[in-house]
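Here is the structure we will look at.
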Amino acid sequence: AAQEDKIGEARIFIVKRIDDKEELIRIITHDPIEKVRLTALEKINDQETLIDIAMNDNPTCVRFYAVKKIEDQKTLIHIALHDEAWGVRETAAEKIDDQEILTHIALHDKDAGVRSAAMKKIDDQKTLIKMILNEKDKNVRREALSSIDDQKTLIHFALHDESDWVREVAAEKIDDQKTLIHIALHDENSDVRIAAVKKIDDQKTLIAVVLGDKDKNVRREALRKIDDQKTLELVACFDDDSQNRDSAVRRITDQETLIYVALHDKEASIRRCAVYRIKDIKTLDRIFWHDDDRGVEEAAYERIFDLG
């Protein structure tokens, strides 16, 4: 393999110095090394030659890179409709402007990637919505939804699509608070619930998520958006995720809660955080003498000193 690489590098070096078009075409169509063929292709800018290369029975990689350089719409349409390689068809579809042709490709191409490439270029929202509703591939639906603004369509997919990915993308674009609240409280997938939580303003719902969601990441996202001290105190004392407890401790002011955390939390870093916010010197003295973590002891000593 190393010997082949050296031969290829030497031939690339030579090809870069060739200007004769016929010789470059011969290399493009016959050289056994892909990198050498593509190096020769880089030097071809003549549209007729590029079209000839793309339309004839050349290796897929050669047709692919030739299509990238082609500007003629008729040629691109022909390739997008008829080339046997999905990657070549996809590249052609990405460069087509004709909306009818793009619609045809989006509806009928057998490859999901090609259909997705066509959908990205369709301007008419109604046409796009009809396509998405009939599209079987979840990746195509997800990609196409990024171009949809119609709230009814987005709500439909956010509530009913079988794919978690699709529901997540739809939820990210929904504005209706009632729908977002429903998703945050009831969707089975945590990523979808997080997408909804990020857009919810209702504090009652956010508190319900913080106290009731089974997923620590969903709770954490909601926790960022609430200020209710009672809820933060509950999280600081009882959430089973240390990162959530730490976040809550940093935001609470209730001394009893801080003392409880400083005395009972199993994570030394959280106890230390609570210690720095405690004002009762007797409690700090107790922590200094009895906590089994050196960092917590030092924090208690520093706090006592600061309080005088």
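When side chains are defined from C-beta on, N217 does not count as touching S190, because their heavy atoms never get closer than 4.5 Å.
Classification of R11 and D31 as a salt-bridged pair holds, one side-chain N sitting under 4.0 Å from a carboxylate O. Using a 4.0 Å cut-off between a side-chain N of Lys or Arg and a carboxylate O of Asp or Glu, D19 and K43 qualify as a salt bridge.
Each of K130, R141, R115 was scored for a side chain to side chain donor-acceptor pair (under 3.5 Å) with E135, with one residue passing: R115.
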Evaluate the side-chain contact (heavy atoms from CB on, under 4.5 Å) criterion for residues E221 and V218: first the C-alpha distance (whole Å), next the side-chain angles of each, then the deciding distance (0.1 Å), finally the verdict. CA-CA 5 Å; E221 192 62 46; V218 181; 5.8 Å; no

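Legend: residues meeting side chain to side chain contact (heavy atoms under 4.5 Å, CB included) with A274, ordered by chain and number and at least two apart, are V249, L258, V261, A262. Every residue two or more places apart in sequence or in another chain was checked for a salt bridge (charged side-chain N to carboxylate O under 4.0 Å, His left out) with D124, and none qualifies.
F288 and Y276 are not part of a single hydrophobic cluster, where members link through side-chain heavy atoms under 4.5 Å apart.
A donor-acceptor contact closer than 3.5 angstrom is absent between the side chains of Y65 and E42. In this model, a donor atom of one side chain and an acceptor atom of the other lie less than 3.5 Å apart for N244 and R220.
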Contacts under 3.5 angstrom, residues 181-189 side chains, donor-acceptor by atom type, not counting sequence neighbours:
| from | atom 1 | to | atom 2 | distance (Å) |
| --- | --- | --- | --- | --- |
| D187 | OD1 | R167 | NH2 | 3.1 |
| D187 | OD1 | N189 | N | 2.8 |
| D187 | OD2 | R167 | NE | 2.8 |
| N189 | OD1 | D191 | N | 2.9 |
| N189 | OD1 | V192 | N | 3.1 |
| N189 | ND2 | D164 | OD2 | 3.1 |

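Below 30°, between 30° and 60°, or above 60°: for Y301 and F305 the angle between ring planes is below 30°, a parallel geometry.
With F13 as the aromatic partner, R17 meets the cation-pi criteria of under 6.0 angstrom to the ring centre and within 45 degrees of the ring axis.
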